[in-house]
A.B. asks: 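Provided herewith is a single structure, encoded as structure tokens, for subsequent inquiry.
Just so it is clear, the values below take in all heavy atoms, side chains as well, and ignore hydrogens, waters and symmetry mates.
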Amino acid sequence: MLSTGNDIVSLNVINKTRTNQPGFYLKILSDIEKILYRELEPAGIPFENFVWLLWSIKESAYKYLQRTKPSLVFSPTKFVVEQLQLPFGYNITNFEGIETEGTGFDNEAVLKSVIIVGSDKLYSSSLMYRELIVSVVNGNEDFENTGWGIKLINKSDPEYQSNAIRAFLVDRLNRLFHVDGLIIGKSTHGFPIVLKDNVEAGLSVSLSHHDQMVAYSFQFG
């Protein structure tokens, strides 16, 4: 079964002081994961960014598994990030422009990780800018058939976020597959699905939003 999971964090609105308090970050990080921060320190990445990076990875992994395990409960410390790889010579940059889209991450400076959830082993690719973090999770290391997009929107109210991310994704799918009339619906278990003439299309999609940022991922083929 095709699946994908993604999550976005707007770093402009996080509470840095609260994030750095053990009472907060220990609800997200396991003991072994705190050691992984050493991989990011040489790049000058703040600890609060590391915490939210792992949150985005774990949330994406949960969304990935939700399709095949709808009864799965999201408990962040049980989603264990075992590896975290920083690109050679990595420098954090600004998010330029209003939106960006791609297929795969071969031409992107991504942080790669391996996540263990019980007997499941998943892989993530994360884009980190000074303003935001986006993670996408897949069942293997090959993201060749994974599409993704990030967009800055004008408002942060939930209805606007929901409409904006759906329109953003549908526009990409229309352009990519040359098909009109696609609608983003919701499965009986709550995750998003793509419909054409009220029939589910052969795509797996994931949506996320935080403040004035939205992101999608989809898996095909």
A.B. asks: Could you tell me whether Asp106 atom CG has more than 12 heavy atoms of other residues or ligands within 6.0 Å of it?
C.D. replies: no

A.B. asks: Do Tyr25 and Glu48 pass the side chain to side chain donor-acceptor pair (under 3.5 Å) test, and can you show the C-alpha distance, the side-chain angles, and the key distance before you say yes or no?
C.D. replies: CA-CA 9 Å; Tyr25 68 72; Glu48 62 267 19; over 6 Å; no

A.B. asks: Is there a path of hydrophobic side-chain contacts, each under 4.5 Å between heavy atoms, that joins Tyr216 and Met128?
C.D. replies: no

A.B. asks: Applying side chain to side chain contact (heavy atoms under 4.5 Å, CB included) between Ser124 and each of Asn138, Val136, Val81, Ile115, report the one that passes.
C.D. replies: Ile115

A.B. asks: Look up atom CZ in Phe220 and atom CD in Glu144, then write down how far apart they are to the nearest 0.5 Å.
C.D. replies: 8.0 Å

A.B. asks: Between Leu122 and Phe79, is any pair of side-chain heavy atoms under 4.5 Å apart?
C.D. replies: no

A.B. asks: Where does the angle between the aromatic ring planes of Trp52 and Trp55 fall among parallel (under 30°), tilted (30 to 60°) and perpendicular (over 60°)?
C.D. replies: perpendicular

A.B. asks: Atom OH in Tyr37, atom CG in Asn49: separation rounded to 0.5 Å?
C.D. replies: 8.0 Å

A.B. asks: So, does Gln212 use its side chain to make a donor-acceptor pair with the main chain of Ile153 at under 3.5 Å?
C.D. replies: yes

A.B. asks: Any ion pair linking Glu101 and Arg175 (charged N to carboxylate O, less than 4.0 Å)?
C.D. replies: yes

A.B. asks: Apply the hydrophobic cluster definition, ILVMFWY joined by side-chain contacts under 4.5 Å directly or through others, and give me every member besides Val80.
C.D. replies: Ile32

A.B. asks: Would a 4.5 Å heavy-atom cut-off, applied to side chains only, mark Lys58 and Glu33 as touching?
C.D. replies: yes

A.B. asks: Apply side-chain contact (heavy atoms from CB on, under 4.5 Å) to Phe95 and Met213, showing your working.
C.D. replies: CA-CA 11 Å; Phe95 180 73; Met213 301 301 306; 4.1 Å; yes

A.B. asks: Measure the shortest side-chain to side-chain distance between Thr17 and Gln21 over non-hydrogen atoms and say whether it is less than 4.5 angstrom.
C.D. replies: yes

A.B. asks: Once you round to the nearest 0.5 Å, how far does CG of Leu207 lie from OG of Ser162?
C.D. replies: 8.0 Å

A.B. asks: With ring-ring contact (aromatic ring centres under 6.0 Å, His included) as the test, would you mind laying out the steps for Phe218 and Trp148 before giving the verdict?
C.D. replies: CA-CA 6 Å; Phe218 63 87; Trp148 55 271; over 10 Å; no

A.B. asks: Given side-chain contact (heavy atoms from CB on, under 4.5 Å), test Leu40 with Leu111 step by step and report yes or no.
C.D. replies: CA-CA 10 Å; Leu40 304 189; Leu111 291 77; 3.8 Å; yes

A.B. asks: Please examine the side chains of Phe74 and Gln66, heavy atoms only from C-beta on, and report whether any two atoms are closer than 4.5 Å.
C.D. replies: no

A.B. asks: Linking I/L/V/M/F/W/Y whenever any side-chain heavy atoms sit under 4.5 Å apart, do Ile184 and Ile8 land together?
C.D. replies: no

A.B. asks: Carefully, step by step, assess Thr77 and Leu29 under the rule side-chain contact (heavy atoms from CB on, under 4.5 Å).
C.D. replies: CA-CA 6 Å; Thr77 56; Leu29 307 181; over 6 Å; no

A.B. asks: Which is it for Thr103 and Arg172 under the side-chain contact (heavy atoms from CB on, under 4.5 Å) test, yes or no, and what are the steps along the way?
C.D. replies: CA-CA 11 Å; Thr103 301; Arg172 172 74 184 282; 2.8 Å; yes

A.B. asks: Evaluate the side chain to side chain donor-acceptor pair (under 3.5 Å) criterion for residues Gln219 and Thr146: first the C-alpha distance (whole Å), next the side-chain angles of each, then the deciding distance (0.1 Å), finally the verdict.
C.D. replies: CA-CA 5 Å; Gln219 187 75 11; Thr146 300; 2.4 Å; yes

A.B. asks: In Å, rounded to the nearest 0.5 Å, how long is the span from CG of Leu169 to OG of Ser206?
C.D. replies: 10.0 Å

A.B. asks: Can you tell if the side chain of Val179 reaches within under 4.5 Å of the side chain of Leu173, non-hydrogen atoms only?
C.D. replies: no

A.B. asks: Would you say the side-chain atoms of Ser3 pair up with the backbone N or O of Tyr64, donor to acceptor, closer than 3.5 Å?
C.D. replies: yes

A.B. asks: What do the steps show when you test Ser208 against Asn6 for side chain to side chain donor-acceptor pair (under 3.5 Å), and what is the final call?
C.D. replies: CA-CA 7 Å; Ser208 59; Asn6 90 312; 3.1 Å; yes

A.B. asks: Does Asn140 use its side chain to pair, donor to acceptor, with the backbone of Asp142 at less than 3.5 Å?
C.D. replies: yes

A.B. asks: Which value, rounded to the nearest 0.5 Å, describes the distance between Ser125 atom OG and Phe143 atom CZ?
C.D. replies: 3.5 Å

A.B. asks: Following the transitive rule for hydrophobic clusters with a side-chain heavy-atom cut-off under 4.5 Å over Ile, Leu, Val, Met, Phe, Trp and Tyr, establish whether Phe47 and Leu36 coincide in one cluster.
C.D. replies: yes

A.B. asks: Does Asp120 reach the side chain of Lys69, with side-chain heavy atoms less than 4.5 Å apart?
C.D. replies: yes

A.B. asks: Verify the distance criterion only: is there a donor paired with an acceptor across the side chains of Tyr129 and Glu96 at less than 3.5 Å?
C.D. replies: no

A.B. asks: Please determine, by modelled atom types, if Ser204 and Thr4 share a side-chain donor-acceptor pair under 3.5 angstrom.
C.D. replies: no

A.B. asks: With a 4.5 Å cut-off on side-chain heavy atoms, are Tyr123 and Lys112 touching?
C.D. replies: no

A.B. asks: Do Val134 and Val9 sit in one hydrophobic cluster, given that two such residues count as connected whenever their side-chain heavy atoms are within less than 4.5 Å of each other, even indirectly?
C.D. replies: no

A.B. asks: Whether the Ser56 and Asp7 side chains hold a donor-acceptor pair (N or O, under 3.5 Å, no angle test) is what I'd like checked.
C.D. replies: no

A.B. asks: Kindly compute the distance separating CD (Gln161) from CG (Asn154), expressed to the nearest 0.5 Å.
C.D. replies: 12.0 Å

A.B. asks: Without swapping roles, check the side chain of Lys78 against the backbone of Val117 for a donor-acceptor pair under 3.5 Å.
C.D. replies: no

A.B. asks: In this structure, would Phe50 and Ile57 fall into the same cluster of hydrophobic residues linked by side-chain contacts under 4.5 Å?
C.D. replies: yes

A.B. asks: Are there more than 12 heavy atoms of other residues, nucleotides or ligands under 6.0 Å from atom CZ of Arg130?
C.D. replies: yes

A.B. asks: For Thr68, which residues count as a side chain to side chain contact (heavy atoms under 4.5 Å, CB included) partner, sequence neighbours excluded?
C.D. replies: Met1

A.B. asks: Over all heavy atoms of both residues, which pair between Ser60 and Ser135 is shortest? Give the atoms and the distance, please.
C.D. replies: OG-O, 3.2 Å

A.B. asks: Here's a test for you: under side chain to side chain contact (heavy atoms under 4.5 Å, CB included), which of Thr100, Leu132, Ile98 qualifies with Leu152?
C.D. replies: Ile98

